[in-house]
Undergrad: 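Have a look at this one.
The sequence lines fix the lettering, A, B, ..., with proteins before strands; numbering per chain opens at 1. This one's a predicted model, so the numbers in the text were calculated from it and none came from an experiment.
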Amino acid sequence: MPELPEVETTRRGLEPYLAGKRIVHAESRRARMLRRQPRDRDFADRLQGRRVIALRRQGKFLLFDVEGDLTWVTHLGMSGRMEVAEPGDPEAKHTNVVIRTADHEIRFVDPRTFGFMAVFTPEELAGSTIARLGPDALTDLPPSRALALRLEGRKPAIKSLLLDQRIVAGVGNIYGDEILHRARVAPGRPGGSLTFDEVKAIRRAIGPVLRAGLKYGGTSLQDLAYLLPDGRAGEYLDRLEVYGRDGEPCRRCGTAIRRSVISQRSSFWCPSCQS
DNA sequence: CCTCCATCCTGTGGGC
DNA sequence: TGCCCACAGGATGGAG
């Protein structure tokens, strides 16, 4: 999916079209997209006629405040994107949810349907996984000491722990590899084996890597599953140091980048720079 | 609590 | 061209 930079780019792209706007119509064309909504009819019922107050984000979740103390939640999953269109514009395949304001349509396009939408009451929100999300990796990064405590004694690879949204929210598979390369820590190292200096290096790498991704509008892979709300592709792909560069030379030292499988996900890393 | 792993989907690209 | 397999930006629930 879309990781933090892509989700934040999406949030910014939607803001002018949703902040302060009234929702006149909401419909889902695939029941699966509402699977987190306790009763799926609540989704349209709670949105229609209400105004969106503010667009927030925590980690990879979009959290839109809606009149009546409601939170409209979107997770883009692996292949989700949001489009801003005018009514009548041709629809992309897999347009699974459509939200209309007075003069625009917000379309949730998600081929793999790993994403979801829901409109939660405060109680429902408190009972959801969103309540268990760790601090946002961009806006709320905890100090190294706190991170070190969360890694202490942990057996899983640091790469897996970086992807654990309960520890820090927002890092995914691409930026996780980029962060570890910048911090010069090998992805397979057990979390509990890191020295405090290594934890500090990772902590220091998170902000710059995520901000660089954000600056270029995120990373659109070849399949273009992720696009900005206006339809443009993110431009960070060419700037990636390791992700997807299996066999290519490390830009720092020239050694061939390796691919390893860690927790059933690909990890790309430089065996000389990272140890 | 922790760790591991299968699972939910559709699309694409490579090898034969 | 067609077929089959591997793989893809994520999160979760259940087993142990």
Undergrad: Would you confirm whether A:Q48, through its side chain, and A:A26, through its main-chain N or O, come within 3.5 Å as a donor-acceptor pair?
TA: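 At least one qualifying donor-acceptor pair exists.
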Undergrad: Mind checking the CZ-SG spacing from A:R258 to A:C250? Nearest 0.5 Å is all I need.
TA: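 Going from CZ on A:R258 over to SG on A:C250, the span is 14.0 Å.
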Undergrad: Nearest to the side chain of A:N173 - C:dA8, B:dT3, C:dG10?
TA: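 Nearest listed nucleotide: C:dG10.
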Undergrad: Go through C:dA8, B:dT10, B:dC4 for me and flag the one nearest to the A:S266 side chain.
TA: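 Looking only at side-chain atoms, A:S266 lies closest to C:dA8.
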Undergrad: Please report the distance, rounded to the nearest Å, between CZ in A:R265 and P in B:dC4.
TA: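 The answer, rounded to whole Å, is 16 Å.
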Undergrad: Within less than 4.0 Å of OP1 or OP2 of B:dC4, is there a side-chain N or O belonging to A:Q264?
TA: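 Indeed not, no polar side-chain atom of A:Q264 lies that close.
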Undergrad: Of all the base pairs, Watson-Crick or G-U under 3.5 Å, which form stems of three or more consecutive pairs involving DNA chain B?
TA: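 Stems (3+ consecutive pairs) listed as B:2-8 with C:10-16, B:10-16 with C:2-8.
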Undergrad: Within the structure, does a side-chain N or O atom of A:H94 lie under 4.0 Å from either OP1 or OP2 of B:dC9?
TA: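 For A:H94, the contact criterion (side-chain N or O under 4.0 Å from OP1 or OP2 of B:dC9) is not met.
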Undergrad: At under 4.0 Å, does any side-chain N or O of A:K93 touch on OP1 or OP2 of B:dT10?
TA: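 The answer is no; no side-chain N or O of A:K93 sits under 4.0 Å from OP1 or OP2.
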Undergrad: Determine which pairs satisfy salt bridge (charged side-chain N to carboxylate O under 4.0 Å, His left out) with at least one residue from residues 127-155 of chain A, sequence neighbours left out, and list them in order.
TA: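 Listed by first then second residue: A:R57-A:D136.
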Undergrad: What's the closest nucleotide to the side chain of A:R154 if the choices are B:dT3, B:dC9, C:dG10?
TA: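 Looking only at heavy atoms from C-beta outward on A:R154, the closest nucleotide is B:dT3.
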Undergrad: Please state the P separation for the pair C:dC3 and B:dC9 - nearest whole angstrom.
TA: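 Taking atom P in both C:dC3 and B:dC9, they lie 24 Å apart.
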Undergrad: Look at the side-chain N and O atoms of A:S79 and state whether any lies under 4.0 Å from the OP1 or OP2 oxygen of C:dA8.
TA: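 A:S79 to C:dA8 OP1/OP2: no side-chain N or O under 4.0 Å.
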Undergrad: Kindly point out which of B:dC4, B:dC8, C:dC7 is positioned nearest to the side chain of A:R259?
TA: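 Looking only at heavy atoms from C-beta outward on A:R259, the closest nucleotide is C:dC7.
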Undergrad: So which nucleotide from B:dC2, C:dG10, B:dT10 ends up closest to the side chain of A:F114?
TA: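 It is C:dG10.
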Undergrad: Look at the side-chain N and O atoms of A:Q165 and state whether any lies under 4.0 Å from the OP1 or OP2 oxygen of C:dG10.
TA: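 For C:dG10, neither OP1 nor OP2 has a side-chain N or O of A:Q165 closer than 4.0 Å.
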Undergrad: Is there any protein nitrogen or oxygen under 3.5 Å from a nitrogen or oxygen in nucleotides 12-16 of chain C, and what are the pairs?
TA:
residue, atom, partner, partner atom, Å
C:dT12, OP1, A:T129, OG1, 2.7

Undergrad: With a 3.5 Å cut-off and no angle check, do the side chains of A:T95 and A:R107 form a donor-acceptor pair?
TA: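 No, A:R107 and A:T95 have no side-chain donor paired with an acceptor closer than 3.5 Å.
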Undergrad: Please check the phosphate of C:dG10 (OP1 and OP2 only) for any side-chain N or O of A:K60 closer than 4.0 Å.
TA: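 For A:K60, the contact criterion (side-chain N or O under 4.0 Å from OP1 or OP2 of C:dG10) is met.
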Undergrad: Would you kindly compare A:P111 and A:R166 by the position of their nearest DNA chain B nucleotide and give the one closer to the 5′ end?
TA: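 With A:P111 and A:R166 compared, the 5'-side residue is A:R166.
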